[in-house]
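Heads up, the thing below is written out as structure tokens.
Residue numbers start at 1 and run along the sequence shown. Just the heavy atoms: all of them, side chains too, but no hydrogens, waters or symmetry mates, feed the values below.
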Amino acid sequence: MKFNIQSKLLFTHLQAVSKVVNSKNTITILDNFLFNLSGNTLVITASDQETTLTTTVEVTNAEGSGKFAAGVKELLDMLKEIPDQGLSFDINDQNLAINIDYLNGQFNFIGINGNEFPTKSQSDEEQKTFVLPAEKVARGIQQTVFAVGTESLRPMMMGIYWDIKPEEIAFVSTDTHKLVRFRELNLNTGLEQSFILPTKPATILASILDKQEGDVRITIDSKSATFESDEYTMSCRFVNGRYPNYNSVIPQDNQYTLTIDRMTMLAAIKRVSVTASPGGLVKFDLKENQIHLSTQDIDFSKSSEEVIACDYNGTEMLIGFNDDNIIDVLNNIGHDMVTVELMDPSRAGIFKPAEQRENEDLLILLMPMMVMA
């Protein structure tokens, strides 16, 4: 087999699909990319068994066809040191010796039989398909992935829940301390379906689609999904289990509302959190049109406080939040002004953009911490 390709083009695609590969694999072949040449089309695949990512690139001067596998680390290490230029691949079909010629040199190494690479088994189930704009999928993941749980004892929370309705999708994540519900409205899925997309493929999918235009074709069955864009195809298994009823934990009667500039609040919290105790408690003493922020670490005789202005006309309230959690929340709202809906110091606060973007509805629930007055 022979073919030519630009080094930058190849490196970009290899780098993208390599995100699927684990640092340690139980099956050696998974430390490799699978290359499948047919005509002037080169299909490159990487997998960790749970998730498989494929990309297609066009090559020139192709001769022959077939499969071979080559090491992920070796190829990426080689290509990242080469300036953008043409590469000539020559693969010996008998012993899979691979020769890569470039402007002033060459690489030589031995490949692996491509037939050893695991293939996805075909499902006999009825599959359902719908199409979404790539930017909608990427944004839904980006708005929720920060709140995904990491505890293996709660595997259902180790992914993003897709709650699909005929005209909208709710992307949901929670780690029990915070919960994010991001609704993409005015869509046309034609389905009523739900699944939990694991964190790793969700993050990879968002990074790929964030740079692409056009649509994504999504095909799902009861155990897995396949996402197809113009350049990439990703197949992954779902997280097994029933996702919690997220709507039931969102308070509907929080009657007190404060509105504040997001960056003002974020900067003040970062300043006072320097002296927070190991639990990260930040006290919010709410009075008319102001918040008195304070932290302290009794063991080391440290404390901080700061007063910031806001729009608040509710009852006076002393409520506490974990500094890391509230910083995460404010970092991921991405709007200038934020509203916080509260009821009392023992109930969750609801954080929202003061003005939602068109056809979007973002809501973040944050559990308070116990405050000793």
Side-chain angles (χ1 to χ4, degrees), residues 12-13 16-17 19-20 36 38 41-47 50-58 119-145 148 159-173 180-240 243 246-247 334 356-363:
T12 299
H13 284 263
V17 297
K19 295 174 182 177
V20 170
N36 191 342
S38 178
T41 300
L42 181 66
V43 179
I44 306 168
T45 303
S47 177
E50 296 291 323
T51 303
T52 299
L53 183 57
T54 298
T55 184
T56 302
V57 291
E58 292 300 310
T119 57
K120 181 186 175 184
S121 58
Q122 296 297 316
S123 173
D124 295 330
E125 294 182 43
E126 178 185 357
Q127 297 180 322
K128 299 178 181 179
T129 300
F130 60 103
V131 176
L132 293 176
E135 62 176 345
K136 297 286 188 182
V137 177
R139 184 155 170 75
I141 294 170
Q142 290 163 349
Q143 288 290 127
T144 51
V145 71
V148 170
I160 298 172
Y161 182 62
W162 292 46
D163 192 2
I164 305 168
K165 306 296 182 187
E167 296 181 349
E168 68 174 67
I169 297 179
F171 298 86
V172 184
S173 65
V180 184
R181 185 192 68 190
F182 178 71
R183 296 165 63 213
E184 291 274 15
L185 309 173
N186 197 25
L187 298 177
N188 181 24
T189 70
L191 295 179
E192 190 141 347
Q193 193 84 18
S194 63
F195 59 82
I196 307 170
L197 185 65
T199 307
K200 179 181 174 180
T203 304
I204 294 169
L205 185 63
S207 69
I208 291 171
L209 298 181
D210 190 44
K211 303 170 186 175
Q212 295 195 29
E213 299 179 353
D215 292 331
V216 180
R217 180 182 175 88
I218 304 171
T219 303
I220 58 176
D221 56 35
S222 65
K223 296 180 181 178
S224 64
T226 298
F227 302 82
E228 299 175 76
S229 68
D230 290 340
E231 295 183 349
Y232 296 92
T233 298
M234 188 180 81
S235 298
C236 63
R237 296 178 186 172
F238 299 144
V239 176
N240 290 326
Y243 204 77
Y246 63 91
N247 282 315
Q356 301 278 3
R357 295 184 183 181
E358 185 177 4
N359 294 323
E360 293 183 359
D361 177 39
L362 173 63
L363 175 151

Side chain proximity check, Ile220 to Trp162, heavy atoms < 4.5 angstrom: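 Side-chain contact under 4.5 Å: no.
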Flag side-chain contact, heavy atom, 4.5 Å: Phe171 against Gln143: no
For Tyr232, the ring-ring contact (aromatic ring centres under 6.0 Å, His included) test, sequence neighbours excluded, returns His13
Sorted by chain and number, sequence neighbours left out, ring-ring contact (aromatic ring centres under 6.0 Å, His included) with Phe182 holds for none
Would the number of heavy atoms belonging to other residues, nucleotides or ligands and lying under 6.0 Å from [atom1] of [X] be above 12?
X: Glu135; atom1: CD; value: no
X: Lys128; atom1: NZ; value: no
X: Glu167; atom1: CD; value: no

Gap between atom [atom2] of [Y] and atom [atom1] of [X] - 0.5 Å precision:
X: Asp221; Y: Thr226; atom1: CG; atom2: OG1; answer: 8.0 Å
X: Arg183; Y: Glu360; atom1: CZ; atom2: CD; answer: 11.5 Å
X: Gln193; Y: Lys165; atom1: CD; atom2: NZ; answer: 10.5 Å
X: Asn359; Y: Asn186; atom1: CG; atom2: CG; answer: 4.5 Å
X: Leu132; Y: Leu187; atom1: CG; atom2: CG; answer: 6.0 Å
X: Phe227; Y: Leu53; atom1: CZ; atom2: CG; answer: 11.5 Å

If I compare all heavy atoms of [X] with all of [Y], which pair ends up nearest, and what's the gap?
X: Ala170; Y: Tyr246; answer: CB-OH, 3.7 Å
X: Gln212; Y: Ser229; answer: OE1-OG, 3.1 Å
X: Glu58; Y: Thr41; answer: OE2-OG1, 3.1 Å
X: Ala46; Y: Val20; answer: O-CG1, 4.0 Å

**Asked** Salt-bridged, Arg181 to Asp361, with N to O below 4.0 Å?
**Response**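 Yes, Arg181 and Asp361 are salt-bridged.
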Check your understanding: So does Arg217 pair up with Asp215, basic N to acidic O under 4.0 Å?
Key ->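 Looking at Asp215 together with Arg217, the answer is no, because their closest N to O distance does not fall below 4.0 Å.
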Could you tell me whether a side-chain N or O of Ser173 sits under 3.5 Å from a main-chain N or O of Thr144, the two making a donor and an acceptor? yes
Report task. Kindly determine whether Glu231 and Thr56 satisfy side chain to side chain donor-acceptor pair (under 3.5 Å), including the steps that lead there. Result -> CA-CA 6 Å; Glu231 295 183 349; Thr56 302; over 6 Å; no
>> Is it true that Tyr243 and Asp163 share a donor-acceptor pair across their side chains at a distance under 3.5 Å?
In response: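 No, because no side-chain N or O of Asp163 sits under 3.5 Å from a partner of the opposite role on Tyr243.
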Task: Any residue meeting side-chain hydrogen bond (donor to acceptor under 3.5 Å, both in side chains) with Arg237, in chain and number order, not counting sequence neighbours - done: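 By the side-chain hydrogen bond (donor to acceptor under 3.5 Å, both in side chains) rule, Arg237 matches Glu50.
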Who passes side-chain hydrogen bond (donor to acceptor under 3.5 Å, both in side chains) against Thr129, sequence neighbours left out?
->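 Here the qualifying residues are Thr219.
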Report, one line per pair, each donor and acceptor closer than 3.5 Å where one atom sits in a side chain of residues 202-211; sequence neighbours left out.
| unit_1 | atom_1 | unit_2 | atom_2 | d |
| --- | --- | --- | --- | --- |
| Thr203 | OG1 | Thr199 | O | 2.9 |
| Ser207 | OG | Lys19 | NZ | 3.2 |
| Ser207 | OG | Ile204 | O | 2.7 |
| Asp210 | OD1 | Gln142 | NE2 | 3.4 |

With sequence neighbours left out, the residues meeting side-chain contact (heavy atoms from CB on, under 4.5 Å) with Thr45 are Leu34, Val43, Thr52, Thr54, Phe117
